[in-house]
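Every heavy atom of this structure was used, including side-chain atoms; hydrogens, water molecules and symmetry mates were not. To find a chain, count down the sequence lines: A is the first, B the second, and so on, and within it residues start at 1. Here the structure is a predicted model, which is why all the values come from computation and not from measurement.
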Number of protein chains: 2
Amino acid sequence: MKNPSPAVSCGSCSVRKLCLPTGLADEEVEQLEQITRNKKTLKTGDLLFRAGDPFSCLYAIRSGSFKSAVIGADGDSQITHFALPGELLGLDGYSGSEHPSYAEALEDSSVCILPFTQLEGLAQKVPALQKQIYTIFSEELKQENDVLLLLGKRSAEMRLAALLLNISSRYARRGYSACEFVLSMARMDIANYLGLTAETVSRLFSRFQKQGLIDVRGRAVAIIDLVALSELAGTHCSYES
Amino acid sequence: MKNPSPAVSCGSCSVRKLCLPTGLADEEVEQLEQITRNKKTLKTGDLLFRAGDPFSCLYAIRSGSFKSAVIGADGDSQITHFALPGELLGLDGYSGSEHPSYAEALEDSSVCILPFTQLEGLAQKVPALQKQIYTIFSEELKQENDVLLLLGKRSAEMRLAALLLNISSRYARRGYSACEFVLSMARMDIANYLGLTAETVSRLFSRFQKQGLIDVRGRAVAIIDLVALSELAGTHCSYES
DNA sequence: CGGGACTTTGATCTACCTCAACCGCGGTGG
DNA sequence: CCACCGCGGTTGAGGTAGATCAAAGTCCCG
């Protein structure tokens with residue numbers, strides 16, 4: 001369990017540029033490493049934290065992926081986002097001092113543990129870190145706004161197209177192929193996230209395939225016609241590339 | 001336009017306990033007042049900021065109310081929240097340095113202007129203020145998660161019931177009646193926010209009235225059966241009061 | 001090789017949307 | 001002062017996207 005010897009090294013972490021250290025000087029990154037001594041590994045299906053757990057830490061994803069979801073009063077849950085390496089989990093637990101959502105590993109994963117009290121203290125001394133925390137909070141708000149737009153106004157096919165493009169761009173940002181990737185989540189998770197049913201999602205995958213937009217083999221997806229998919233999603237992005 | 005003489009006084013503000021000063025010592029509140037020199041008044045329909053405007057300030061609502069919305073690539077918009085006095089607008093603009101959403105006054109309103117650079121600087125020196133900023137960010141994330149649950153999984157009637165209860169509790173928190181209030185937004189705004197159409201919302205109001213849950217007279221709403229409405233919303237809250 | 005979870009596909013059903021008409025009210029100008 | 005207009009809200013009839021129910025098919029891991 002305890003693993004104090006090989007301290008976490010942000011400097012050599014593959015997702016350094018997407019994570020908290022962004023914008024920090026080398027010496028500041030070292031200070032950050034001081035409070036990020038522990039990491040944790042999880043297997044597929046393991047929970048990183050449960051709804052109701054006391055809030056004390058943030059988690060930075062080193063590898064793998066997670067789904068994060070809130071649970072309604074009647075027990076059913078809504079996935080609020082899929083988290084990839086470099087992203088932070090647990091931000092919504094700060095107020096109220098307990099996690100309102102839970103986070104589950106979608107594949108074998110590892111995270112850095114960031115005790116928030118210490119992170120807060122360091123941010124007090126390091127303006128660049130404080131800025132970065134604000135940025136991450138704000139970024140997450142912005143993303144959730146976009147999902148609200150998706151759920152409130154978009155058709156099923158627009159939602160799925162938008163999700164595929166979103167995942168594609170996030171893989172691309174980490175240096176992987178923007179056009180070929182393996183989804184780590186089940187159809188049902190995608191459906192839940194998009195406010196649809198697994199059947200509808202499955203039908204859409206088939207349809208996109210038939211239309212020559214993508215090539216699907218189970219969870220492996222290859223995007224064939226990025227432009228057409230973008231038009232379907234209603235976002236005029238990803239052009240001129 | 002400029003109104004330097006009567007500086008904003010957080011100490012005597014009616015929403016002090018809901019706003020940034022929460023948890024600050026008197027002397028710290030004074031420091032906060034130093035950077036909150038200007039306020040701004042808006043008439044119904046005025047925009048506080050537009051999508052794409054450069055981000056430089058947060059706005060604390062003193063009186064009135066706002067709707068905040070994001071605009072999709074195809075021009076249609078999704079209202080992401082209704083903001084009441086004591087609440088902060090503009091948080092999602094920090095990252096990327098321009099506002100991704102716009103905020104429009106739903107009635108004659110006034111706001112405090114908080115230059116974020118200065119607020120940031122003060123937070124660096126005042127830990128309690130930094131904590132409060134984190135809290136507000138986190139609270140907003142939590143609320144958006146709840147709305148995601150609403151849009152993803154709930155029926156039209158659950159959505160409207162939940163919105164009415166939400167507004168009711170927010171009025172109550174400010175010392176107003178939890179059971180009688182006048183909505184400041186049009187039916188169409190409610191519909192947009194809830195991912196429905198104005199017609200559906202109108203029908204639901206009529207139905208709730210017929211069922212004896214509420215009494216509606218235009219935008220004036222009186223909640224008659226709070227418990228039944230809570231059950232409809234699927235939240236087992238607001239009991240034992 | 002077997003079992004269970006995940007996925008696909010088909011047939012039917014329904015909640016909500018769309019289109020359309022009507023009402024009520026506040027403002028505006030003659 | 002009243003007729004007119006326009007916007008917001010209500011109500012009705014009919015259509016449809018996506019849900020639900022049901023049944024194979026497929027993959028993966030023990």
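- Atom CZ in A/R207 sits roughly 18 Å away from atom C1' in C/dT7 (whole-Å rounding).
- Rounded to the nearest 0.5 Å, atoms CD1 (B/I79) and OG (B/S101) are 12.0 Å apart.
- Rounded to a whole Å, the CZ atom of A/R217 is 13 Å from the P atom of D/dT26.
- Set against C/dA20, D/dT20, D/dG18, the side chain of B/E199 has C/dA20 as its closest nucleotide.
- Across all strands, A/G45 comes closer than 4.0 Å to no nucleic acid atom at all (heavy-atom distances).
- The shortest distance between the side-chain N/O atoms of B/S206 and the OP1/OP2 oxygens of D/dT11 is below 4.0 Å.
- Here the straight-line distance linking atom CZ of B/R207 with atom OG1 of B/T200 works out to 10.0 Å at 0.5 Å rounding.
- Between A/T200 and D/dA19 there is a side-chain N or O to OP1 or OP2 distance below 4.0 Å.
- Between the CZ atom of B/R219 and the C1' atom of D/dT10 there is a distance of 14 Å, given to the nearest Å.
- Put simply, the side chain of B/R203 and the base of C/dT18 share a donor and an acceptor less than 3.5 Å apart.
- A donor-acceptor pair is defined here as one N or O able to donate and one able to accept, closer than 3.5 Å; such a pair exists between the side chain of A/S138 and the backbone of B/Y94.
- Atom CD of A/Q209 is separated from atom C1' of C/dT7 by 14 Å (rounded to the nearest Å).
- Closest approach to the B/L196 side chain among D/dG9, C/dC16, C/dC6 is made by C/dC16 (side chain taken as heavy atoms from C-beta onward).
- Ring-centre distance between B/F49 and B/Y59: below the 6.0 Å cut-off.
- In terms of modelled atom types and a separation under 3.5 Å, the side chain of A/S77 and the main chain of A/A69 share no donor-acceptor contact.
- Phosphate contact (OP1/OP2 of D/dA17, side-chain N/O of A/S155, threshold under 4.0 Å): absent.
- Spacing between atom CE of B/M188 and atom C1' of C/dC17 amounts to 15 Å, rounded to whole angstrom units.
- Contact annotation: B/T197 side-chain N/O to C/dC16 OP1/OP2 distance is not under 4.0 Å.
- At whole-Å resolution of the value, CZ in B/R187 and P in C/dC23 are 19 Å apart.
- The interatomic distance linking A/R154 (CZ) with D/dA17 (P) rounds to 17 Å, in whole Å.
- Across the protein-nucleic acid pair, A/L160 atom CG and D/dG18 atom C1' stand 14 Å apart, rounded to whole Å.
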